[in-house]
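Labels below follow one simple rule: chain letters A, B, ... track the order of the sequence lines, proteins then strands, and each chain is numbered from 1. As the structure is a computational prediction, the values presented were derived from the model and not from experiment.
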Protein chains: 2
Amino acid sequence: MKKKRPTLQTIADQVGATKMTVSRCLRDPETVSEGLRERILSVAEQVGYIPNRAPDLLSRATSHSIGVLVPSLTNQVFADVIVGIEKRTEPAGYHLMLSHYGYSPAVEERSLASVLSYNVDGVILSDHHHTPRTLRMLETAGIPVVEIMDTHHKPLQQAVGYDNVAAAFDMVSEMIRHGRQQIIYLAVRLDERTLQREQGYRQAMEQHGLTPVTLHSSQRSSYSVGAALLEQILNDYPHTDGIFCTNDDVAVGAYFECQRRGINVPGQMAIAGFHGHDVGQAMTPKLASVITPRQAIGEAAAQALLARIQGEAVADHTVDLGYRIETGATL
Amino acid sequence: MKKKRPTLQTIADQVGATKMTVSRCLRDPETVSEGLRERILSVAEQVGYIPNRAPDLLSRATSHSIGVLVPSLTNQVFADVIVGIEKRTEPAGYHLMLSHYGYSPAVEERSLASVLSYNVDGVILSDHHHTPRTLRMLETAGIPVVEIMDTHHKPLQQAVGYDNVAAAFDMVSEMIRHGRQQIIYLAVRLDERTLQREQGYRQAMEQHGLTPVTLHSSQRSSYSVGAALLEQILNDYPHTDGIFCTNDDVAVGAYFECQRRGINVPGQMAIAGFHGHDVGQAMTPKLASVITPRQAIGEAAAQALLARIQGEAVADHTVDLGYRIETGATL
DNA sequence: TAAGCAATTGTTACCGGTAACAGTGCGGTA
DNA sequence: TACCGCACTGTTACCGGTAACAATTGCTTA
């Protein structure tokens with residue numbers, strides 16, 4: 001009924017050779033006599049032969065693919081990281097198996113199992129908190145692992161990122177230097193990075209004898225959450241003169257709300273975000289933000305992973321790519 | 001040296017059974033006697049057995065994975081589509097093999113070959129223009145294909161999306177209804193959808209006896225491109241009273257530039273975007289935009305693909321999920 | 001002229017699950 | 001007692017490419 005997808009044997013039958021010869025011809029044409037080579041290549045073209053990685057995957061347990069687990073694909077931060085990863089893997093002939101786990105370690109575990117079942121040659125992880133089973137799977141899989149985004153923990157094998165605690169500390173210190181006293185931290189979704197930034201925020205505040213206050217929203221980050229949190233601040237903490245937001249979405253949302261209410265930024269209210277996304281950097285006033293090297297992180301992580309897949313010894317266990325404080329015009 | 005990842009045989013050896021029995025036990029524990037079952041499951045747990053899809057992939061040429069080709073991962077439109085796709089595939093136990101091709105048919109061809117080499121069970125494509133080799137590969141692969149985003153072309157097998165021409169026509173008509181006469185279309189990167197929207201724009205303009213003008217930027221879409229194009233308009237077409245942007249990034253960027261220059265929106269300049277992204281909908285004034293059902297498209301596409309993978313006959317060849325005109329406060 | 005060698009092609013086995021089929025052992029029934 | 005059937009477990013073969021080795025051919029060289 002439905003005709004099968006052509007294999008090497010299909011081609012071999014048509015040219016009167018064995019699949020071994022065809023295999024050789026497609027991989028290294030020089031090793032096959034000219035006449036045969038031409039016939040093989042033309043038949044291959046004609047039947048529309050598509051390479052098949054399955055046997056490779058089975059016999060050598062190598063897939064030429066790497067697994068990438070990110071908490072969210074709609075989060076622009078990770079979209080940028082992925083672009084960076086691909087920039088390195090694509091030229092090397094490696095394919096990405098992407099999975100996202102919605103910030104949940106349990107889902108991460110499932111995603112990892114799924115990715116490993118395809119015999120990926122290496123894995124890039126985006127969080128540092130893993131379930132015991134996740135750790136066990138990584139161990140038995142025996143493949144290189146690189147963790148990204150955070151350099152504050154001891155990595156499983158290797159980490160590439162920046163220091164969230166230090167970045168938050170620096171940004172809040174900068175706000176204080178600009179004369180702000182009542183700075184509130186706006187947190188959404190309690191993932192690791194949000195908590196680390198809070199830690200940096202607290203350190204900076206306490207160092208200057210100021211009282212840290214954190215406002216949470218359990219919702220996922222969005223402009224409207226930023227607006228809602230700002231409203232809450234105006235009601236509950238009317239003396240606030242600055243907000244440090246866990247990301248730019250919240251910061252921009254809060255800024256929009258200030259605009260609507262005629263609150264002068266930065267005159268009455270300083271606003272700082274995190275990651276330096278396009279919106280914040282394109283609007284006027286330009287948003288103060290911590291500029292993180294997302295794409296560079298992806299590139300460095302992929303490069304390190306590929307090196308280890310290819311058996312190179314790797315010296316540095318943690319690569320810190322730093323960050324930059326953009327003071328913009330909202331401090 | 002490096003110990004191998006455990007297989008069914010590893011477990012079988014330890015409990016004194018054959019791998020066949022272990023295989024059965026893991027898939028359907030009821031079919032194995034209680035004592036053996038307990039031992040197998042405990043050993044499997046202890047050695048950290050990870051399922052291996054490679055043999056399946058080889059012997060049944062099925063991978064329980066589907067290929068998804070999108071032009072860009074950083075484009076929020078496709079991020080949303082992917083979320084929709086996964087909403088359906090994840091519960092069905094299918095894994096996504098994502099690839100992006102940067103709006104280039106040649107890269108799409110390479111990406112497709114790569115994805116097909118992993119024996120994906122179906123493919124979701126995001127564009128309608130394919131290279132001849134791409135078409136051939138799809139044919140010889142013999143797997144279900146669903147094309148998304150556009151319903152204006154005849155699909156290879158099946159399409160899910162909305163009508164870009166009609167959407168653009170409706171939005172521009174709405175702008176004209178609001179009294180705009182000198183409306184310019186702002187296009188970036190000449191992909192299919194940009195061109196289709198231009199077509200709808202032209203139709204609306206011509207129907208009202210107005211002269212269509214398109215401004216291109218070859219750069220990839222961004223806020224700053226929107227700002228730059230607005231500047232160009234002010235210089236070259238000073239009587240312009242409205243702009244229809246091929247997406248919200250450009251529209252918001254243009255809005256920011258208006259703000260900077262003290263141009264009243266919509267008083268002096270009406271602005272409309274496309275896709276209804278968060279920024280535009282969160283800011284004040286709310287951006288006029290065509291709200292497209294991205295996530296629903298992903299879901300419907302995945303559902304249709306899975307149905308066909310599972311051998312169901314599919315009646316409708318094109319599913320149009322429509323769009324909504326949000327007039328916002330910038331017309 | 002026979003050994004020797006390079007160039008080319010063929011043969012076999014393997015990777016790890018599982019379908020299909022083949023035992024094996026036990027209890028129940030005629 | 002003999003036969004049947006059920007519950008459980010084992011055996012074999014297969015998927016498609018390729019490493020490792022074997023075989024064949026034709027030509028050169030001592």
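- For the pair A/Thr7 and B/Lys19, both in contact range of DNA chain D, the more 5′-proximal nearest nucleotide belongs to B/Lys19.
- For A/Arg37 (side chain) and A/Pro29 (main-chain N/O), a donor-acceptor pair under 3.5 Å exists by modelled atom type.
- One interatomic measurement links the two molecules: CD of A/Gln9 to C1' of D/dC14, which rounds to 14 Å at whole-angstrom precision.
- Note on A/Ser23: a side-chain N or O is less than 4.0 Å away from OP1 or OP2 of D/dT18.
- With respect to B/Asp127 and B/Arg193, a salt bridge is recorded, a charged nitrogen being found less than 4.0 Å from a carboxylate O.
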message: Could you go through A/Ser72 and A/His100, starting from their C-alpha distance and side-chain angles, then the distance that decides it, and tell me whether this counts as side-chain hydrogen bond (donor to acceptor under 3.5 Å, both in side chains)?
response: CA-CA 5 Å; A/Ser72 157; A/His100 50 122; 5.9 Å; no
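- B/Asp28 places its CG atom 11 Å from the P atom of C/dA19, with the value rounded to the nearest Å.
- If you take CD1 of B/Ile50 and P of C/dG17, they are 11 Å apart, rounded to a whole angstrom.
- Cation-pi check for B/Arg294 over B/Phe78 is not met; the charged atom does not lie both under 6.0 angstrom from the ring centroid and within 45 degrees of its normal.
- Considering only side-chain N and O atoms, B/Arg27 lies under 4.0 angstrom from the phosphate OP1 or OP2 of C/dT18.
- Distance CG (B/Asp56) to P (C/dG17): 10 Å, rounded to an integer number of Å.
- In this entry the distance linking CE of A/Met20 with P of C/dA13 reads 15 Å, nearest Å.
- For A/Ser33 and C/dT9, the shortest distance from a side-chain N or O to OP1 or OP2 is below 4.0 Å.
- Side-chain proximity of B/Asn52 to the nucleotides C/dA20, D/dG16, C/dG16 is greatest for C/dG16.
- Atom pair B/Glu38:CD and D/dC8:C1' shows a separation of 16 Å (rounding to whole Å applied).
- Remark: B/Arg37 is not in phosphate contact with D/dA7, judged by side-chain N or O atoms under 4.0 Å from OP1 or OP2.
- The nearest whole Å value for the distance from the CG atom in B/Asp13 to the C1' atom in C/dG16 is 13 Å.
- Regarding contacts with the backbone of D/dC15, every side-chain N or O of A/Arg5 stays at 4.0 angstrom or more from both OP1 and OP2.
- No donor-acceptor contact under 3.5 angstrom links the side chains of B/Asn119 and A/Arg53, judged on distance only.
- Remark: A/Arg24 is not in phosphate contact with C/dT8, judged by side-chain N or O atoms under 4.0 Å from OP1 or OP2.
- Each of D/dT18, D/dT11, C/dG17 was ranked by its minimum atom distance to the side chain of B/Leu8; first place goes to C/dG17.
- Contact between the side-chain N/O atoms of A/Tyr49 and the OP1/OP2 oxygens of D/dG16 is not found at any separation under 4.0 Å.
- Note on A/Leu57: nothing from the nucleic acid sits closer than 4.0 angstrom, heavy atoms only.
- D/dG17 atom P lies 9 Å from atom CG of B/Asn119, rounded to whole Å.
- Nearer the 5' end of DNA chain D, as judged by each residue's closest nucleotide, is the contact made by B/Ala17, out of B/Ala17 and B/Ser59.
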